[in-house]
Amino acid sequence: MANFLPMKTRPLPPLPWGPENTVTLRFIGLFCVIGLGLLGFVHQRFGHMIVQDRFQLSGFLTLLALTGAGALLMRASPKWLLGLAVCVRLAWFINEPAFTDDHFRYLHEGQASLTHLAAPYNFPPADLVHQPGHPWAAQVNHAQVTSSYFPLLQLFFALTAVMGALAGHQLLWLQLMLMLFEMGLLFFIWRHSLSNQPTQSSSFAMYAFHPLPLLEVYGNSHSDIIGVFLLVISVFSLQRFQLWRALLLAAAAHVKPFILAFLLFLGDTKRKKLFAWACLFFFGMMLPHYLLGANVMGGFFTYAEHWHAFSVGFDFFDALLRLVHPHASGWIPRLACGAGWLCSLFFIWRSDSDNMSQDTRLFWTMFTFWLFFPTVHPWYLLWLLPFACMDRNTFGWLWCAIWLGHYLVLPNFHAGMGWQEPLWPRLILISGGLGLLTWKLLRRASREKTPTSKDCAS
């Protein structure tokens, strides 16, 4: 990869999808068996120590990432890279969700949905603590707040509850199902990198051995990976199937609604039609819950009003507002953040298309979201990472990696520090990220000033 690792890979033709591609399936099966053996050994010897000690956890993540980088530098074939990536994920599956408690809410809301579809939206977990059939309710953080997740995601939570009721181990089923979505995304990026850019398998390795999906999906069981999978499939595989593309985009927006803004950069001449269908599907998926009396947006607005973390734009607008009115409403800086993001979207949309690909536009759309929106955490970067890797964006790759420091500088935040995170960790991480951005811009400027061989010849 030219701007990430100094290497070249052997070009390979696109791989067929049919049953004749048995060699690839054998490789995957072989590495799954090896990975399961490695999983058992590591879990038996070191699993509990890795989970409990955040520094050992960081070391384990670094070791896994370096393993992949080493294989890439040794010019391993794409199949071996895929197998090694599968092994890494199976080995990382030893971890239990330790840094966040979102999985408790997933499990509780899945069981509440089985009771009644509207239950997660109309009854906070605190109201169900002493009722039978809701063992996870007492472990949900901020139990007085109703659900902030959209209906399609609630159906996924309900499916894990059904599997748990049939076979037990509901948390394990949740982890396994999220793992399937991440594995699907991994395999898709592998295929896409080889079929469209046969000499750039390093684009796949950038994603496969990045610590962010390892920690956020396998270590913390965040549901964002479902939306990321749906978004990537809709962007890169369904250009000719507008209705299916709109359906998947609407489903991804049920994981995080800001994805609807991506419609600005998709569809070309049929953008208006795509936007109309996506919005129709988005609201249609909420219709059954509304008909049952669910207050779908209640928890969403509660979180939006009270929780903010890491946003540069929010702190900037809030500080300006406090100079004028010390007791002003928090909705004003939030509206200013929304207006700032819309302006940035318009600028990206109107930029020179010759110098900015679709992948690059989507990457910077998500990056500006990080700058402006009031609630941003490391798992939001799962949406950005695939586009950074496919675009081979070194800054994006490092930006996604540096924000894992969130768990090191705020080890006790999710244990009950409250809804307002302190300023100093955000300044450290934001300064590091903006420093990387400055480095990228200066590097690009220096490359543009360097005369090419064609210029010298002329």
Side-chain angles (χ1 to χ4, degrees), residues 121 142 144-151 153 224 227 231 249-250 252-266 271-272 275-276 278-279 282-283 286 290 294-351 361-381 383-384 399 403 406 413 418-423 425-427 429-430 433-434 437:
Y121 301 107
H142 306 300
Q144 74 280 8
V145 182
T146 56
S147 177
S148 62
Y149 299 104
F150 284 81
L153 204 53
D224 285 56
L231 174 65
L249 286 169
H254 266 244
V255 181
K256 287 292 185 293
F258 63 80
I259 295 305
L260 291 175
F262 284 18
L263 292 169
L264 285 172
F265 312 113
L266 302 174
R271 184 182 294 111
K272 294 181 180 179
F275 184 81
C279 290
F282 178 80
F283 291 107
M286 292 195 278
Y290 273 121
N295 182 19
V296 174
M297 303 301 295
F300 180 84
F301 283 117
T302 301
Y303 275 102
E305 181 180 0
H306 293 286
W307 194 308
H308 73 85
F310 291 115
S311 172
V312 180
F314 180 88
D315 285 339
F316 174 75
F317 291 122
D318 186 60
L320 288 180
L321 184 62
R322 299 301 174 189
L323 293 176
V324 180
H325 195 298
H327 304 289
S329 172
W331 281 107
I332 298 178
R334 285 172 171 79
L335 291 175
C337 287
W341 191 48
L342 290 177
C343 291
S344 68
L345 292 182
F346 180 79
F347 176 77
I348 296 171
W349 179 49
R350 299 292 296 176
S351 60
R361 289 172 185 267
L362 294 176
F363 170 84
W364 288 112
T365 298
M366 188 61 208
F367 179 77
T368 54
F369 175 89
W370 255 77
L371 292 181
F372 285 110
F373 265 59
T375 305
V376 284
H377 286 284
W379 53 89
Y380 279 73
L381 290 174
W383 301 85
L384 184 150
W399 174 261
W403 277 90
H406 162 86
F413 167 66
W419 285 32
Q420 303 294 324
E421 297 187 2
L423 180 62
R426 286 183 280 152
L427 290 178
L429 296 175
I430 291 170
L434 294 181
L437 178 59

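Predicted, not measured: the structure shown is a model, and the values here were computed from it.
- Ala336 meets the side chain to side chain contact (heavy atoms under 4.5 Å, CB included) test with Phe317; sequence neighbours excluded.
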Could you walk me through whether Val296 and Met286 satisfy the side chain to side chain contact (heavy atoms under 4.5 Å, CB included) test, starting with their C-alpha distance in whole Å, then the side-chain angles of each, then the deciding distance to 0.1 Å, before giving a yes or no? CA-CA 8 Å; Val296 174; Met286 292 195 278; 3.9 Å; yes
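- Separating the CZ atom in Phe367 from the CG atom in Leu381 is a distance of 9.5 Å, to the nearest 0.5 Å.
- Using a 4.5 Å heavy-atom threshold, the side chains of Tyr121 and Thr146 count as separate.
- A donor-acceptor pair under 3.5 Å is formed between the side chain of Trp341 and the backbone N or O of Thr365.
- Proximity of Tyr380 to Phe369: side-chain heavy atoms (C-beta onward) are separated by under 4.5 Å at one or more points.
- Using a 4.5 Å heavy-atom threshold, the side chains of Leu260 and Leu249 count as separate.
- With sequence neighbours left out, Tyr290 forms a ring pair (Phe, Tyr, Trp, His ring centres under 6.0 Å) with no residue at all.
- To the nearest 0.5 Å, atom NZ of residue Lys256 and atom CH2 of residue Trp383 are 7.0 Å apart.
- In this view, Ser147 and Glu109, Gln154 satisfy the side-chain hydrogen bond (donor to acceptor under 3.5 Å, both in side chains) rule, not counting sequence neighbours.
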Going through the checks in order, is the side chain to side chain contact (heavy atoms under 4.5 Å, CB included) test met by Val255 and Phe150? CA-CA 7 Å; Val255 181; Phe150 284 81; over 6 Å; no
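- What you find for Ala252 and Gly227 is that their closest heavy atoms are CB-O, 3.6 Å.
- With rounding to the nearest 0.5 angstrom, the SG atom of Cys337 is 11.0 Å from the CG atom of Leu342.
- Using a 4.5 Å heavy-atom threshold, the side chains of Ser344 and Phe347 count as separate.
- Residues Met366 and Leu384 come closest through the heavy atom pair CG-CB, 3.6 Å.
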